[in-house]
Amino acid sequence: MAREIAKAYEPQRIERRWAEFWVKEALFKADPSAPGPVFSMVIPPPNVTGSLHLGHMLNHTEIDILTRWHRMRGYNTLYLPGMDHAGISTQRVVVRQLAEQGIDYRKLGREEFERRVWKWKEESGGTILRQMRQIGESCDWSRERFTLSPELSKVVREVFVRLYEEGLIYRATRLVNWCPDCLTVLSDLEVVHEERLGHLWYINYPIRGTKEFLAVATTRPETMLGDTAVAVHPEDERYKHLVGKKALLPLIHREIPIIADEMVDREFGTGAVKVTPAHDPNDFELGRRHQLAEIDVMTDDAHMNAHAGEYAGMDRFEARKKIVEDLKAQGLLQKITDHTNAIGLCERSKTAVEPRISTQWFCKMKDLAAPAIEAVEEYEPGKRNRISILPDNRRTEYLNWMRNIRDWTLSRQLWWGHRIPAWYCKENQHVTVERETPSKCATCGSANLEQDPDVLDTWFSSALWPFSTMGWPEETADFKTYYPTSLLITGYDILFFWVARMIMMGLHFTGNVPFRAVYLHSLVRTGSGEKMSKSKGTGLDPVALNQQYGTDAMRFCLASMAAPGTDIVLSDDKLGSARNFANKIWNAARFVLSNISKFADMGIDTADMLSPAWGGGLSPRTHDSEQKLCDRWIYSRLWRASEQIHEALENYRFHEAAQSIYHFFWGDFCDWYLEWVKPDINPREAPTIRQTHAYQRLIAVFSASLRLLHPFMPFITEELWFQLYEFGKPKDLPYRSLALENYQVVTHEVEDQIAEEGMSLLQELIVAARNIRAELRIDTKCKVKAECLIQNPEARSLIQANLEPVLRLATLSDIHFAKTSLDPTRGVLKSTALFDLLIPYGEGIDRQAEIRRLKREIEKLTKDIQAKEDRLADPDFTRKAPEHVVNNLRATKVERQLEKEKLTAQLQQLEGSQTAGT
RNA sequence: GGGCGACUAGCUCAGUUGGUUAGAGCGCUCCCCUCACACGGGAGAGGUCAAAGGUUCAAGUCCUUUGUCGCCCACCA
């Protein structure tokens, strides 16, 4: 019974099996004591808010390609998986879910709520894990980590306490970004700015004891209820006389001082500004300078509070409307103008952030940033404790941000996250910060302690990820072997949130960089160019894509688009062409193996034919005497492809690597090599030694291709590798996954310039013949005779030596080698510098069309030759340009001239014969 | 308000250090279901590299200006 590869390539049928196999066999378990150079990466932990989107797919594909590539090259490899608890995002998701069930999370209480979130974490974390396994990520699953696990929480506490003890973490009352929807403070990074068209309201503030008014301009009239001064510039002649007087705050009739401060811009608005220290960052500073009162007029959900008098209870925007109306009614509204300004929105909820005075925990950044700047600024390849950040523009962004870094607001008013390890004694409000829950106040000894209810910014634990996952602060084997990690790949959108902070924390706590290199990849966007977003429903669903095209196709497609710098827009036709490529691989394998199976049917042992697959050796000396041009050529091309892939992957140029392997496999291997050797491997009877050898060479190239392809398309290659094994590997040898095989099995020895040039000549000849046939509209099956004029005897014997494949692939019956120049009036003639090829006319041929074609060609050549001559005539060029450039140009000019002469002669003859004939 | 990026074939994009006739995929035209693959094979059309200057022997590639689009950062009411 013949073994056969399924006729159709059905990714779904093979992928599940291998995904399970890789996990079950624990193939990717890292061993810190294993030999070899180390390559380690930690995953950018996905948020447990849901499932993986295409952006993750890109990220994970890139990581996995590099991981598999290194592993196959003998590196001691670790790809550490894990997830992020994603404080604010996850809390929002669960709060929303509860709300949908009519449950107010606050009524559940903290403990119960946390329990619900953990439950959610198990579910969505499970989904994510499943997805990662589905797409074949070669992680060490035994090392999975979670930012909120007990082990990592311990590290978080350790770090927090140390920073506190070093005076880098402190508690302070400041104006902070408050999200009225998430009900928590936010760091500056979590506030996104958006230009909005708004208004500028000009309001008259009466001056006490006069009939005068002082007009102020504001974008936020509702905050006037918290005004505690009006400020003007000290040198502003218009207002000098008012400084020191009191203004009467309209609507609530509170007296406020008129003060002078340099900060005021005389050009803007009226040159007088209302000062609301509790609701504006500038005003806050100004207020502190002038010891002004700070009146918070809002509640935590951005409604007006008791300080707002009759407006209390109103939403801030309702209050704005009402206040404007009231001012108008009282004749205090001077005018309203249009004004665009950037408003700060909460990154998560997109609610307008309210600046608010609040006591929070902060982290001083300047000292932490300094070494992190140095590590990147003074990067040199090979230099210790330095990090390369690519692409370069991201490096610049990093440095700019770091140089202007501001303190980091650490605390969050959430329930899901790392509880801040600070306790306050109820008597005196002393602060105790400790690793273990304290029993008494460190200052006064009171046992009446209460822990700070807040949690840490989720990015705090993420910042520790490269070392917290390795067992730090213990000197574990993992930590010693795999830290610093080799490389970090992540999206550029979290450069500041995450990458920068990891670098600072890594350097500070381990004295070492967390990774030696960072590659920031593009984002995947939708067809309309937006960032993919599940919440907006604009993202393509990776699960559906996998179903439709297969994981390998999706991986290959992502890789082939992953050029640094530009964002990626994925589309059906691109995925389709990647799928087509997988199909091509499948069918090439089918072809190769189906022939071998026919031998098996004859009862012949085929193990021998397949043996080169396992040995891995592809010596140019294999079957030396039998090797034909095409063999030497394909080996050389294989070598070239693997060199290109190496070069590309070293520089994170995934698209170039993908392109190299694509063109090698499809263009060289399938289109030329397979076609070329078809007759040699067509099994009619028991194979001769020569035929067995032909198979061995074919299998050698094919299996080497599978190796090159494997990091990009692990499933199909593993499946086909397995099929090879089934066909011919001695059964006493257990199956060995392709993932553990050597990546590269060809050596530099197989590079063969001569063979490549020779093959290229034959290809040109074949293409020329096909070209003429198409022009003459010769039936595709009809073999015709061609005439060839070729001066170079070596080239000529090359053609003769390969006459069979040349005739077959060009569909010719014969090639007649002419002694004298070919008469273009007898047929269609194609000329290159090396040869002329003519196929005679049949009946009724369009001579005019041929004349037009020749004229076009000649014109093109004329221009080209002229350009070259001009350049060669320039003494500056010949003097200053490198020699090889000049020589190259000379050589090609001569070639072009030769070609042109030939074509001109053809044209003349054609035109001559035409006039003579008629 | 600062900074950055993009503009190359009908579409989506490659094109590292400046150096022969600027490439790919998809689409398009023509021919072929040839016993691995029509998710295929063969042949072909299509670009003054956004515009204008400049540097250079040589510019898609470097510099300047302009235009169009996009992104990031930013406490001017």
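No experiment lies behind these values; they were computed from the predicted model shown. In the text below, chain A, chain B and the rest are named by the order of the sequence lines, each starting its count at 1.
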Taking side chain as C-beta onward, heavy atoms only, is A:Leu225 less than 4.5 Å from A:Thr223? no
If you look at every strand shown and take non-hydrogen atoms under 4.0 Å, does A:Ala578 touch a base, only sugar-phosphate, or nothing? nothing
How many whole angstroms separate atom CG of A:Leu189 from atom C1' of B:C75? 15 Å
Got a sec, which residues hit side-chain hydrogen bond (donor to acceptor under 3.5 Å, both in side chains) with A:Lys678, two or more places apart in sequence or on another chain? A:Glu675
Using the P atom in both, what is the distance from B:C75 to B:G18, to the nearest Å? 39 Å
Under 4.0 Å between a side-chain N or O of A:Arg406 and OP1 or OP2 of B:C75? yes
Interatomic distance where CD belongs to A:Glu647 and P belongs to B:G15 [whole Å]: 14 Å
What nucleotide, of B:A74, B:G15, B:A77, holds the atom closest to the side chain of A:His193? B:A74
Could you list the protein-to-nucleotides 25-29 of chain B atom pairs, N/O on both sides, closer than 3.5 Å?
from: B:G25; atom 1: O2'; to: A:Ser577; atom 2: OG; distance (Å): 3.3
from: B:C26; atom 1: O2'; to: A:Asp573; atom 2: OD2; distance (Å): 2.9

Take atom CG of A:Asp265 and atom P of B:G1, then tell me their distance rounded to the nearest Å. 13 Å
Is a salt bridge present between A:Glu354 and A:Arg356, judged by a nitrogen-to-oxygen distance below 4.0 Å? no
So what does A:Arg579 touch, heavy atoms closer than 4.0 Å: a base, only the sugar-phosphate, or nothing? base
Could you give the distance separating B:U64 and B:G3 at their P atoms, to the nearest angstrom? 12 Å
Interface polar pairs with nucleotides 59-63 of chain B, N/O, under 3.5 angstrom:
none

Going by the rule side-chain contact (heavy atoms from CB on, under 4.5 Å), which residues pair with A:His339 if we only count those two or more places apart in sequence or in a different chain? A:Leu200, A:Thr219, A:Phe268, A:Asn341
Test of understanding: with salt bridge (Lys or Arg N to Asp or Glu O under 4.0 Å), list the residues that count as partners of A:Arg890, not counting sequence neighbours. none
What is the pairing partner of B:U61, taking Watson-Crick or G-U wobble pairs with both distances under 3.5 Å in any strand? none
Of A:Thr270 and A:Trp401, the one whose nearest nucleotide on RNA chain B sits closer to the 5' end is A:Trp401
Go ahead and name the base partner of B:A22; Watson-Crick or wobble counts if both distances stay under 3.5 Å, otherwise write none. none
Counting side-chain heavy atoms from CB outward, which of B:A77, B:U16, B:U20 is closest to A:Thr892? B:U20
Tell me what A:Arg653 touches on the nucleic acid: a base, only sugar-phosphate, or nothing, going by heavy atoms under 4.0 Å. sugar-phosphate
Any A:Arg770 side-chain nitrogen or oxygen under 4.0 Å from OP1 or OP2 of B:G44: no
Check every strand shown and say whether A:Arg879 touches a base, only sugar-phosphate, or nothing at a heavy-atom separation below 4.0 Å. nothing
Provide the distance between the two C1' atoms, one in B:A45 and one in B:G10, to the nearest whole Å. 12 Å
From CZ of A:Arg777 over to P of B:A43, roughly how many Å is that when rounded to an integer? 15 Å
For A:Asp188, enumerate each residue passing the side-chain hydrogen bond (donor to acceptor under 3.5 Å, both in side chains) test, keeping only those at least two apart in sequence or located in another chain. A:Asn177, A:Arg406
For A:Glu354 and B:C75, give me the distance from atom CD to atom C1', rounded to whole Å. 14 Å
B:U56: pairing nucleotide in any strand, Watson-Crick or G-U under 3.5 angstrom: none
Of the listed nucleotides (B:C72, B:A43, B:G15), which one gets closest to any side-chain atom of A:Val767? B:A43
Give me the residues of residues 221-233 of chain A where at least one heavy atom lies under 4.0 Å from an atom of RNA chain B, by number, or none. none
Charged N-O contact under 4.0 Å between A:Arg879 and A:Asp876: yes
Both distances under 3.5 Å, Watson-Crick or G-U wobble: report the partner of B:A43, or none. B:U29
Not counting sequence neighbours, which residues clear ring pair (Phe, Tyr, Trp, His ring centres under 6.0 Å) with A:Phe591? List them please. none
Rounded to whole Å, please give me the gap between CZ in A:Arg356 and C1' in B:C75. 18 Å
Counting primed atoms plus P, OP1 and OP2 as sugar-phosphate and everything else as base, spell out the protein contacts along nucleotides 32-38 of chain B at 4.0 Å heavy-atom distance: B, S or - for each nucleotide, 5' to 3'. S---BB-
Quick one: ring pair (Phe, Tyr, Trp, His ring centres under 6.0 Å) partners of A:Trp676, sequence neighbours excluded? none
Can you tell me how far P of B:C72 sits from CG of A:Asp493, to the nearest Å? 9 Å
A:Ile357 CD1 to B:C75 C1', in whole Å, measures 14 Å
When both distances are under 3.5 Å in a Watson-Crick or G-U wobble arrangement, the nucleotide paired with B:G2 is B:C72
Tell me which nucleotide, if any, is Watson-Crick or G-U wobble paired with B:C7 when both distances must be under 3.5 Å. B:G67
Could you give the distance separating B:C26 and B:C39 at their P atoms, to the nearest angstrom? 13 Å
Expressed in whole Å, how much space separates the P atoms belonging to B:A6 and B:A43? 36 Å
Please classify the nucleic acid contact of A:Asn771 as base, sugar-phosphate, or nothing, using heavy-atom distances under 4.0 Å. sugar-phosphate
Which side-chain hydrogen bond (donor to acceptor under 3.5 Å, both in side chains) pairs, counting each pair once, include a residue from residues 576-586 of chain A, with sequence neighbours left out? A:Asn583-A:Asn587
B:C35 pairs with which nucleotide, Watson-Crick or G-U wobble, both distances below 3.5 Å? none
Sticking with atom P, work out how far B:U20 lies from B:G60, rounded to a whole angstrom. 11 Å
Taking the C1' atom in each of B:A36 and B:C49, what is the distance between them to the nearest angstrom? 40 Å
Charged N to carboxylate O under 4.0 angstrom, A:Arg289 versus A:Glu262? no
With A:His655, which residues qualify under ring pair (Phe, Tyr, Trp, His ring centres under 6.0 Å), at least two apart? none
How about A:Lys781 and A:Thr811: do any of their side-chain heavy atoms sit closer than 4.5 Å? no
Say we look at B:U17 and B:C62: how far apart would their C1' atoms be, to the nearest angstrom? 12 Å
Any chance CD of A:Gln12 has more than 12 other-residue heavy atoms, nucleotides or ligands included, within less than 6.0 Å? yes
State whether A:Phe362 and A:Arg174 meet the cation-pi test: NZ (Lys) or CZ (Arg) under 6.0 Å from the six-membered ring centroid, and within 45° of the perpendicular axis. yes
Please tell me if the side chains of A:Phe497 and A:Glu347 come closer than 4.5 Å, counting only heavy atoms from C-beta onward. yes
Is the CZ atom of A:Arg238 crowded by more than 12 outside heavy atoms at less than 6.0 Å? yes
